[in-house]
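Worksheet for the structure shown next.
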Amino acid sequence: MPVEIHRDMADLKADFTIDQHWDSYTDEEHATWRVLAERQVPLLKDRVVPEFLAHVDALSMGGGGVPDFRRLNEVLEAETGWNVVAVPGLVPDAVFFDHLANRRFPATCFIRSMEELDYLEEPDVFHDVFGHVPLLLDPVYADYMQEYGKGGLKADGQGALRRLARLYWYTVEFGLTRSEDGLRIFGAGIASSKGETVFALDDPSPNRIGFNLERVMRTDYRIDDFQETYFVIDGFEALRRATEVDFTTIYARMEDTPDFAPGEIAETDTVLHRGTGRYHQGKGRATA
Ligand code: HBI
Ligand code: FE
């Protein structure tokens, strides 16, 4: 069955990549991409950083079906030296970081079924490619992702992966940024989700707090629902500067500091919006 070829572990290479087998996507799988892309693009119009949609166009990933990674790579390679490589699912942390450190983005190549358009537990090609790849055309963001990979390889050996993973979570996956036109989305976990695109920006429930590296690395996160707190950067240049620091020193300093719960606000926070918490309270799962 060609459906499973995109999750096939049998021809896994040493770096956990596989061939994308682009020719094997069915019409229904291409249609699923189109449905997802065609509803995200208008929703993101005034909500995502403007370069995101420009890059979606530059990479022709708006409505044509599941992108062929070979075509994406022609554009990416020429612009920022990145490549997308196909993987059958989650890969081990060290492998993931090694790819990023070498400007390769590991993208899952299977796509969710039409029956689970809005909810899935693991990343698929729509999340990985539509969510993550457009901003790899931004030179500053592209460098940040590579530096994160290098930092991950280091943190792995220092027992600090849990902390560094929070930085990825609250920036690359669920980051917001300030712009002249107000708050904008840049996190892939938001940009690839219809529900969270609206929730993260428009809903009164979540906190929106100014980005602070140490604060972020001390903050737990939710993996099973919308976030209770979003952190807000001041553009990619500011993010890069904030993370051009000696993480080893910071990890050491953080050893005795307590963690924050996902919805908690600290006295020292720059609070842009104090969330009502209503969304998560309504589910009976409120945190401090
Ligand atoms: N593998 N394919 C894939 N995609 C990810 O986002 C990913 C992964 N392996 C590990 C991982 N992420 C995380 O450990 C890091 O983000 C911390
Ligand atoms: Fe992701």
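The first residue of the sequence shown is numbered 1, and numbering continues consecutively from there. These figures come from a predicted structure and were not determined experimentally.
Shown here are the side-chain hydrogen bond (donor to acceptor under 3.5 Å, both in side chains) partners of W169, two or more places apart in sequence or in another chain: Q227.
Minimum interatomic distance between A191 and Q40 (heavy atoms only, all atoms of both residues): O-NE2, 2.8 Å. Heavy atoms only, all atoms of each residue included: L100 and G149 are closest at CB-CA, 3.7 Å. Residue I265 comes nearest to V271 through the heavy atom pair CG2-CG2, 3.8 Å, listed as atom of the first residue, atom of the second, then distance. A pairwise comparison of heavy atoms in P123 and L90 identifies CG-CD2, 4.1 Å as the closest pair. T177 approaches D234 most closely through the heavy-atom pair OG1-C, 3.9 Å.
Side-chain contact between F130 and V41 is present, with heavy atoms from C-beta onward closer than 4.5 Å. Under the 4.5 Å side-chain criterion, counting only non-hydrogen atoms from C-beta, Y141 is not in contact with L239. Two residues are said to be in side-chain contact when any heavy atoms from C-beta on lie closer than 4.5 Å; I190 and T197 meet this criterion. For the pair D98 and R104, the minimum side-chain heavy-atom distance is below 4.5 Å. D128 has its side chain within reach of F105: a pair of non-hydrogen atoms, C-beta onward, lies under 4.5 Å apart. Counting heavy atoms from C-beta on, the side chains of V129 and W33 come closer than 4.5 Å. Side-chain atoms of S205 and F199, non-hydrogen and from C-beta on, do get closer than 4.5 Å to each other. With a 4.5 Å cut-off on side-chain heavy atoms, R278 and P204 do not count as touching.
For the 3.5 Å distance criterion, the side chains of E228 and Y279 fail to qualify, holding no donor opposite an acceptor. Side-chain contact, D15 with T17: a donor N or O sits under 3.5 Å from an acceptor N or O.
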Validation: residues 46-60 side-chain donor-acceptor distances under 3.5 Å, sequence neighbours left out:
residue	atom	partner	partner atom	Å
R47	NE	D202	OD2	3.2
R47	NH1	L43	O	2.9
R47	NH2	D202	OD2	2.7

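Atom-to-atom distance recorded for R112:CZ and D124:CG is 4.0 Å, nearest 0.5 angstrom. Between the NZ atom of K154 and the OG1 atom of T248 there is a distance of 6.0 Å, given to the nearest 0.5 Å. L164 contributes atom CG, which lies 10.0 Å from atom CG of D93 (distance to the nearest 0.5 angstrom). Between the CZ atom in R7 and the CD atom in E4 there is a gap of 6.5 Å [rounded to 0.5 Å].
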- Can E244 and R241 be said to form a salt bridge (charged side-chain N to carboxylate O under 4.0 Å, His left out), step by step? CA-CA 5 Å; E244 271 173 352; R241 274 199 306 276; over 6 Å; no
- Task: Check the pair I209 / V232 against side chain to side chain contact (heavy atoms under 4.5 Å, CB included), numbers first and verdict last.
- Result: CA-CA 6 Å; I209 295 175; V232 182; over 6 Å; no
- Message: Using the rule given for side chain to side chain contact (heavy atoms under 4.5 Å, CB included), can you reason through F247 versus R163, listing the C-alpha separation, both sets of side-chain angles and the distance that settles it, and then say yes or no?
- Response: CA-CA 10 Å; F247 278 72; R163 302 217 180 272; over 6 Å; no
- Message: I'd like to know whether M145 forms a side chain to side chain contact (heavy atoms under 4.5 Å, CB included) with W82, so could you lay out the CA-CA distance, the side-chain angles of the two residues, the decisive distance to 0.1 Å, and finally the verdict.
- Response: CA-CA 10 Å; M145 285 291 279; W82 274 80; 3.6 Å; yes
- Task: Evaluate the criterion salt bridge (charged side-chain N to carboxylate O under 4.0 Å, His left out) for residue pair D259 and R162; output intermediate values, then yes/no.
- Result: CA-CA 11 Å; D259 280 347; R162 202 170 57 98; 3.4 Å; yes
- Please test D118 against R39 for salt bridge (charged side-chain N to carboxylate O under 4.0 Å, His left out), starting from the C-alpha separation and ending with a verdict. CA-CA 11 Å; D118 297 313; R39 81 182 187 188; 2.3 Å; yes
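In this structure, the ring of Y148 has its center less than 6.0 angstrom from the ring center of F97. Outside the 6.0 Å centre-distance limit, the rings of H273 and Y230 are not counted as a close aromatic pair. Between F236 and F186, the ring centre distance stays below 6.0 Å.
In the hydrophobic clustering of ILVMFWY residues, with side-chain heavy atoms under 4.5 Å counting as a link, F110 and V85 come out apart. Hydrophobic clustering of Ile, Leu, Val, Met, Phe, Trp and Tyr side chains at less than 4.5 Å, counting indirect connections, unites F126 with V35.
The environment of K45 atom NZ is sparse: at most 12 non-hydrogen atoms of other residues, nucleotides or ligands sit within 6.0 angstrom.
Here the options are H99, R70, E77, the test is side-chain hydrogen bond (donor to acceptor under 3.5 Å, both in side chains), and the partner is N83; only E77 passes. Results of the ring pair (Phe, Tyr, Trp, His ring centres under 6.0 Å) test with F231 over F174, Y170, F211 single out Y170 as the only residue that passes.
Side-chain atoms of D138 do not come within 3.5 Å of backbone N or O of L135 as any donor-acceptor pair.
Cation-pi geometry between R215 and F260 is met: under 6.0 angstrom from the ring centre, within 45 degrees of the axis.
Classification of D143 and R103 as a salt-bridged pair holds, one side-chain N sitting under 4.0 Å from a carboxylate O.
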